[in-house]
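Worksheet: the structure to be examined is printed underneath.
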Amino acid sequence: MSWRIIVISRRAKLDYQMGYLVVRNEGITKIHLGEISTVLIESTAVSLTTGLLAELAKKKIKVIFCDEKRNPSSELVGYYGSHDTSNKIRKQIQWNANIKEAVWTEIVTEKIRKQKELLEYMGKEEAALLDSYIREIEWNDGTNREGHAAKVYFNALFGTSFTRTADNFINAALNYGYAIVLSAFAREVVTNGYITQLGIFHDNMFNQFNLASDLMEPFRALIDKEVVEMSLEQFEHEEKMRLVNVLNHEVRIDGRVQYVNNAIKIYCKSAFDALNENDSSLLQFYTIEL
């Protein structure tokens with residue numbers, strides 16, 4: 001099972017040789033593609049061959065490219081993620097509104113539950129309010145408990161003056177971390193043969209990753225916890241690598257301890273099973289001991 005997250009943070013040349021990613025800078029480093037789950041190209045001073053890109057796409061390895069500010073800006077997404085992609089897409093188009101709403105209700109509930117658990121871990125009294133929101137959630141979150149919970153949650157974490165639109169280190173870190181997690185989910189959507197544009201709740205015509213945006217919601221709290229624990233006074237390479245490493249943290253899912261990267265695979269598979277079999281009880285969420 002692939003598990004390595006490879007980060008290229010300075011000038012280098014990357015190519016492919018007999019099953020290996022070859023990194024050439026001051027020296028030569030070889031990493032077998034079978035061990036790699038994600039390649040993050042953080043520096044714009046990196047050159048790589050189309051042969052390597054083709055092999056990475058073939059092996060379904062997520063490749064994330066950063067801009068001149070070292071923030072994720074794009075990624076490599078293969079055209080064909082599964083041998084039966086055409087059939088999967090037909091099924092995706094035919095998912096009925098009832099099962100999509102049922103799955104979304106479960107996802108939103110779990111998202112708020114994860115937020116509540118983090119506030120409890122931090123000793124915040126607002127956790128009780130989020131607990132009441134969980135009990136009040138209606139079908140398809142018709143009363144927008146998610147939105148109300150988000151306001152209470154972020155104010156409890158970062159102060160009542162905090163807003164998600166402000167230009168500060170906290171938001172920069174949150175956005176960076178969410179982008180990394182979103183990329184991991186987009187990879188799983190494509191790997192399983194579906195298309196990222198067609199979501200179950202998100203339907204923004206300008207969002208290329210509506211389905212990944214839907215599925216990732218309960219995993220946002222993992223990034224939130226890391227950002228809180230950083231006590232940010234800057235947001236540079238070291239802080240970014242801490243957020244990338246969240247994918248290597250351990251959680252429990254399906255009765256076993258797994259890296260977050262693998263937990264995403266298991267959870268996504270369960271979500272697709274739920275949608276295809278019209279049974280939201282098939283969803284499997286992770287747990288973590290805080």
Side-chain angles (χ1 to χ4, degrees), residues 2-12 23 25 29 31 35-46 61-75 111 114-115 117-124 150 153-154 156-159 162 164 166-188 212-213 216-253 257-265 267 286-290:
S2 57
W3 56 277
R4 290 185 184 273
I5 301 172
I6 307 301
V7 180
I8 311 297
S9 58
R10 61 182 187 275
R11 183 182 299 275
V23 183
N25 38 41
T29 303
I31 308 150
E35 299 178 356
I36 303 173
S37 68
T38 304
V39 178
L40 174 62
I41 310 293
E42 194 187 30
S43 171
T44 55
V46 172
I61 295 170
K62 174 60 65 179
V63 182
I64 304 170
F65 300 97
C66 294
D67 59 20
E68 72 283 357
K69 297 180 180 179
R70 297 180 179 268
N71 292 321
S73 61
S74 61
E75 60 185 47
K111 177 184 181 180
K114 290 292 185 288
Q115 293 174 333
E117 290 171 355
L118 179 55
L119 293 186
E120 287 176 339
Y121 168 73
M122 296 181 61
K124 300 290 186 178
Y153 173 71
F154 283 114
L157 288 181
F158 303 115
F162 175 79
R164 281 289 286 128
D167 184 9
N168 53 42
F169 291 141
I170 293 173
N171 277 320
L174 290 173
N175 293 339
Y176 187 95
Y178 294 157
I180 296 298
V181 173
L182 178 64
S183 292
F185 273 89
R187 171 194 173 183
E188 290 309 309
S213 299
M216 72 173 282
E217 294 292 359
F219 285 72
R220 289 178 181 269
L222 297 172
I223 296 298
D224 302 335
K225 179 177 182 292
E226 196 70 17
V227 172
V228 168
E229 293 179 344
M230 284 183 185
S231 300
L232 287 166
E233 295 181 359
Q234 62 176 10
F235 187 59
E236 302 296 340
H237 178 72
E238 182 178 345
E239 289 76 23
K240 290 177 181 178
M241 292 307 97
R242 278 189 62 176
L243 292 172
V244 171
N245 194 52
V246 167
L247 295 179
N248 288 326
H249 289 185
E250 291 184 341
V251 297
R252 179 172 289 276
I253 189 169
V257 174
Q258 300 276 2
Y259 292 121
V260 169
N261 226 356
N262 294 332
I264 289 172
K265 297 175 189 291
Y267 161 66
Y286 74 91
T287 60
I288 183 173
E289 292 184 6
L290 295 172

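The structure presented is a predicted model; accordingly, all values stated were derived computationally and were not measured.
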Heavy-atom pair with the smallest gap, counting every atom of Pro72 and Ile180: CG-CD1, 4.2 Å
Distance, nearest 0.5 Å, that separates CD1 of Ile41 from OG of Ser74: 10.5 Å
Trace of the side-chain contact (heavy atoms from CB on, under 4.5 Å) decision for Phe158 with Val228: CA-CA 8 Å; Phe158 303 115; Val228 168; 3.6 Å; yes
Heavy-atom side-chain proximity of Leu157 to Met122 below 4.5 angstrom: yes
Neighbour count above 12 (heavy atom, 6.0 Å) for Arg164 CZ: yes
Parallel, tilted or perpendicular: rings of Phe162 and Phe154 (30°, 60°): tilted
Pairwise distance CZ(Arg187) to CD1(Ile264) - rounded to 0.5 angstrom: 9.5 Å
Taking every non-hydrogen atom, the tightest pair across Asp67 and Ser73: N-OG, 3.6 Å
Close side-chain approach of Ser213 and Leu182, heavy atoms under 4.5 Å: yes
Least distance between heavy atoms, Ser183 atom then Lys62 atom: O-CE, 3.1 Å
Plane angle bin for Tyr267 and Phe185 - parallel if under 30°, tilted between 30 and 60°, otherwise perpendicular: perpendicular
Side-chain donor/acceptor of Arg70 to backbone N/O of Ser9, under 3.5 Å: yes
Stepwise side-chain contact (heavy atoms from CB on, under 4.5 Å) test for Val227 and Leu232: CA-CA 7 Å; Val227 172; Leu232 287 166; 4.0 Å; yes
With Lys124 via salt bridge (charged side-chain N to carboxylate O under 4.0 Å, His left out) - residues at least two apart: none
Side-chain heavy-atom pair Lys240, Asn71 within 4.5 angstrom cut-off: yes
From CG (Asn261) to CZ (Arg4), nearest 0.5 Å: 13.5 Å
Close side-chain approach of Ser37 and Ile5, heavy atoms under 4.5 Å: yes
Atom pair NE2 (His237) and CZ (Arg10), whose distance is rounded to the nearest 0.5 Å: 9.0 Å
Ring pair (Phe, Tyr, Trp, His ring centres under 6.0 Å) partners for Tyr178, two or more places apart: none
Leu243/Val181 under side-chain contact (heavy atoms from CB on, under 4.5 Å): CA gap, chis, key distance, verdict: CA-CA 9 Å; Leu243 292 172; Val181 173; over 6 Å; no
Approximate separation, where rounding is to 0.5 Å, of Ile170 CD1 and Asp224 CG: 11.0 Å
Distance-minimising heavy-atom pair for Ala221 and Leu118: O-CD2, 4.1 Å
With sequence neighbours excluded, residues passing salt bridge (charged side-chain N to carboxylate O under 4.0 Å, His left out) with Glu239: none
Interatomic spacing from CZ in Arg11 to OG1 in Thr44 - rounded to 0.5 Å: 8.5 Å
Closest non-hydrogen atom pair between Ile223 and Ala173, with its separation: CG2-O, 4.5 Å
Min side-chain heavy-atom separation Arg242-Glu229 under 4.5 Å: yes
Phe219 and Tyr286 aromatic ring geometry - parallel, tilted or perpendicular at 30°/60° bounds: tilted
Heavy-atom pair with the smallest gap, counting every atom of Arg252 and Val257: NH2-CG2, 3.4 Å
Val244 side chain near Thr38 side chain, heavy-atom distance below 4.5 Å: no
Crowding at CZ, Phe65 (>12 non-hydrogen neighbours, <6.0 Å): yes
Pair Leu40-Met241, side-chain contact (heavy atoms from CB on, under 4.5 Å): steps then yes or no: CA-CA 10 Å; Leu40 174 62; Met241 292 307 97; 4.2 Å; yes
